[in-house]
Engineer: 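Quick one: the structure is below, questions incoming.
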Amino acid sequence: FNHHMFVVEQEEYVKEGIDWVMVDFGMDLAAAIIMFEKPMGIWAILEEESLFPKATDKSFEEKLKAALGKLPVFLKPASKTDKNAHFGVSHYAGVVNYNVTSWLEKNKDPVNETVVELFKSTSTCQLLKHLWRDHPGQPTTAPKDDGKKKKKGGGGKTVSSVYLVSLSELMTTLYSCEPHFVRCLVPNTHKKPGDVEPPLIMHQLTCNGVLEGIRICMRGFPNRMPYADFKMRYACLGAAEIASSSDNKTAVYALMDKIAFDRERYRLGHTLVFFRAGALAGLEEGRDELVIKWVRFIQGEVFKRVRSRVYEKKRDQRELIKVAQRNFRKFLSMRDWGWFVIIQKTRGMIGMPNPEEELRLLEEKANATYGEYKAALDVTADLESQMGALKDDIGAMSKQLSEEQGNVSVYTDRQAKALTIKAEAECELSKQQAILVSEEASRVELAGEVKAHAGSIGAVKKDIDDIELTITKVEQEKGNRDHTIKVLQDEVGEQDEVINKLNKEKKHLSGTQAKSSEDLASAEEKVAHLSQVKSQLESTLDQLEGGLDKEKKSRANLEKAKRKVEGDLKMAQDAVADLERAKREVEGVIANKEKNNQLLSAKLDDEQSLVAKAQKNIKELQGRVEGAEEELEAERQARAQAERQRSDLAREIDQLGERLDEAGGATVAQVELNKKRESEIVKLRKDVEETNISSESVLSNMKRKQGDAV
């Protein structure tokens, strides 16, 4: 924690080239650590005192003061929370006082290994076994001596030694990864739940570096981001500024100055952008506002397009309704017209193809398709012959490959045997080396005994000579084994070369076989394709034959229709001769009618003058009616206009009746006014009816005269 917070963090600031003054937050921590871990430090003295049965807490305290009392970090106790403290240690952030009472008893770890082994081996409680699963325990059966001299056992395991091993493993793990820290605090010294001692907690926060770490974070830049990530995420705040320069610092400074972001809240390094605590939230808020604005704009655009499509659909429907109405009106007006009936009945025959020409084209297409089909059959036969030859080649290659694989298996067996012999030789060599090491240790031990016991030098020398002779034999046997191993390695190398050659040949054969397989697959694909083409051509031929039959039938039907039409034509020619005779007769009648028309034209002029007078009277009557309709367009529309006027007058009469009903309790003047209006309405009705009758009579006379003239 201290290394990360006090050293690595500031080193990163300096490495990135930002303006930063190195702050010494605890570089004197090393003195206290050395005092604990040095050869005659606190840990070593604690281990030593724990091994002596007669050692006490007092002797441990005296030895500490005698060995470490002159160090500047080893101080006299001055604790406000523990009046019985024995010494103090000056850390980088303050003085920590220690009470050594029961340290030796706690460090000896008096749990009996035999009891632990009984717990693990004989207990039926799974929880108890789980609690002691990591404890080595002690075997219940004594191991055999095997004729060897029993060595003296080492000292017992202490809590401090286990702690130091665990601490070393923890530091190795921390230096190999990126750790996150959780600080644990002791709330009080008397282990009472719910009781908090603020001075003790503040002292721990000061001593374990939490306050210093907070101070570094407040002075430093806890949030950081690479330039690439910064540009990608915040380019929306100023895309032009980001693209204005290829230099990362220049572009970022331009963006920050545009959005008025204080330069004290961030720093630009060589590869990272550093932010003070809480500064990054301001950028995020600005980015969120832009994103929300753009999302709303996109939503509005999408809604506009959706509703535009609905509007265009409705508009097109309205226009199409008008077109349909117009076409329907035209149909109603022309459905009784003779030429229109003829056009409708003959429209289906317009653009029909010539059956003979169609039949000729189909025959040419069938001949061409059959030629392609014949060529495809020839190609299929050729490919099948080639495929047979390729299958023979593949069989020969497969046979050769199986023979080569048999040779490779022989070499593989020999190599496996050689490796087995090599492994046995190495095992034997390791055993002999172990014997050599044990004999060397025995020789050293015997040399020590020679110095201790001068009387048995002769026997020991003899044993030494025997041991040296054994060592010589072992070394000679080792040389023989090395020579054997070297020979086996050479043979293995030769076998590897042979295997490599065989593998190359196998690879070549595999490539040839793969190529043949690919050629065979391509040939099979061609055959399948040609078969498919054949089936398609057969189906096409069947369709063409069916079409030919249909064309023959349709041609016969056309011949029948032709004969029928010829008979109709002869009948029509006879009818035309009759019509010509009738035409000549009608022409004579027309000459007589023209004379009558001249007489009638004079009468028509008189009638037209009468009609003009009637129209004038109608216009005068329309002027007297409120909301009268437009002037009559022609004589044929007079009746329709009179009807519309009558409907308007009836509607007005109804409205006036409703008004009369509503104004039933009005004054006498209103009643007289209503009577006048009723009399006017009756008069208007009579005028309209007279006008309608006169216009109808005029129209009927004109129609009759027009019919007589025709």
Engineer: Kindly give the heavy-atom pair with the smallest separation between Ile18 and Leu268, and that separation in Å.
Structural biologist: CG2-O, 3.7 Å
Engineer: What's the spacing between Leu280 CG and Arg265 CZ if we round to 0.5 Å?
Structural biologist: 10.0 Å
Engineer: Does Ser166 use its side chain to pair, donor to acceptor, with the backbone of Tyr163 at less than 3.5 Å?
Structural biologist: no
Engineer: Hey, is the main chain of Val252 close enough, under 3.5 Å, to the side chain of Tyr227 for a donor-acceptor pair?
Structural biologist: no
Engineer: Look only at the side chain of Ser102 and the backbone of Glu105, and say whether a donor-acceptor pair between them is shorter than 3.5 Å.
Structural biologist: no
Engineer: Does His86 have any side chain to side chain contact (heavy atoms under 4.5 Å, CB included) partners at least two apart in sequence or in another chain, and if so, which?
Structural biologist: Glu61, Asn99, Val100, Thr101
Engineer: What is the minimum heavy-atom distance between Gly278 and Asn223, and which atoms define it?
Structural biologist: N-ND2, 4.4 Å
Engineer: For the backbone of Ala55 and the side chain of Ser59, can you confirm whether one donor and one acceptor N or O come within less than 3.5 Å of each other?
Structural biologist: no
Engineer: Looking only at non-hydrogen atoms, find the nearest pair between Arg267 and Phe221 and report the distance.
Structural biologist: CG-CZ, 3.2 Å
Engineer: Check whether any side-chain heavy atom of Leu283 sits under 4.5 Å from a side-chain heavy atom of Met256, and report yes or no.
Structural biologist: yes
Engineer: Heavy atoms, side chains only, cut-off 4.5 Å: are Lys258 and Leu237 in contact?
Structural biologist: no
Engineer: Go through the structure and list residues passing ring pair (Phe, Tyr, Trp, His ring centres under 6.0 Å) with Phe261, not counting sequence neighbours.
Structural biologist: Tyr266
Engineer: What's the spacing between Trp103 CH2 and Glu49 CD if we round to 0.5 Å?
Structural biologist: 13.0 Å
Engineer: Nearest heavy-atom pair of Arg287 and Cys236: which atoms, and what distance?
Structural biologist: CG-SG, 3.8 Å
Engineer: Is there a donor-acceptor contact under 3.5 Å from the side chain of Ser168 to the main chain of Leu164?
Structural biologist: no
Engineer: When you compare the side chain of Asn248 with that of Lys231, does any pair of heavy atoms fall below 4.5 Å?
Structural biologist: yes
Engineer: With side chain to side chain contact (heavy atoms under 4.5 Å, CB included) as the test, would you mind laying out the steps for Asn97 and Val89 before giving the verdict?
Structural biologist: CA-CA 6 Å; Asn97 295 278; Val89 177; over 6 Å; no
Engineer: Taking NZ in Lys129 as the centre, count heavy atoms belonging to other residues, nucleotides or ligands within less than 6.0 Å. Is the count above 12?
Structural biologist: yes
Engineer: Are there more than 12 heavy atoms of other residues, nucleotides or ligands under 6.0 Å from atom CZ of Arg263?
Structural biologist: yes
Engineer: Mind listing the closest non-hydrogen atom pair of Glu16 and Leu272 along with its distance?
Structural biologist: OE1-N, 3.3 Å
Engineer: So do the side chains of Arg224 and Glu12 get within less than 4.5 Å of each other, counting heavy atoms only?
Structural biologist: yes
Engineer: Are Lys65 and Phe74 side-chain neighbours, meaning at least one heavy-atom pair lies under 4.5 Å?
Structural biologist: yes
Engineer: May I ask you to decide whether Glu284 forms a salt bridge with Arg233, counting only side-chain N to carboxylate O separations under 4.0 Å?
Structural biologist: yes
Engineer: Carefully, step by step, assess Val96 and His203 under the rule side chain to side chain contact (heavy atoms under 4.5 Å, CB included).
Structural biologist: CA-CA 9 Å; Val96 180; His203 184 67; 4.3 Å; yes
Engineer: For a quick test of reading the model, state the closest non-hydrogen atom pair linking Ile242 to Leu255 and the distance between them.
Structural biologist: CD1-CD2, 3.8 Å
Engineer: So, do Phe87 and Tyr98 have ring centers that fall under 6.0 Å from each other?
Structural biologist: yes
Engineer: Tell me whether Asn188 contacts the main-chain N or O of Asp195 through its side chain, where contact means a donor paired with an acceptor under 3.5 Å.
Structural biologist: yes
Engineer: Are Trp43 and Glu48 packed together at the side-chain level, in the sense that at least one heavy-atom pair is separated by less than 4.5 angstrom?
Structural biologist: no
Engineer: Nearest 0.5 Å please: distance from the CD1 atom of Ile201 over to the CG atom of Leu185.
Structural biologist: 6.5 Å
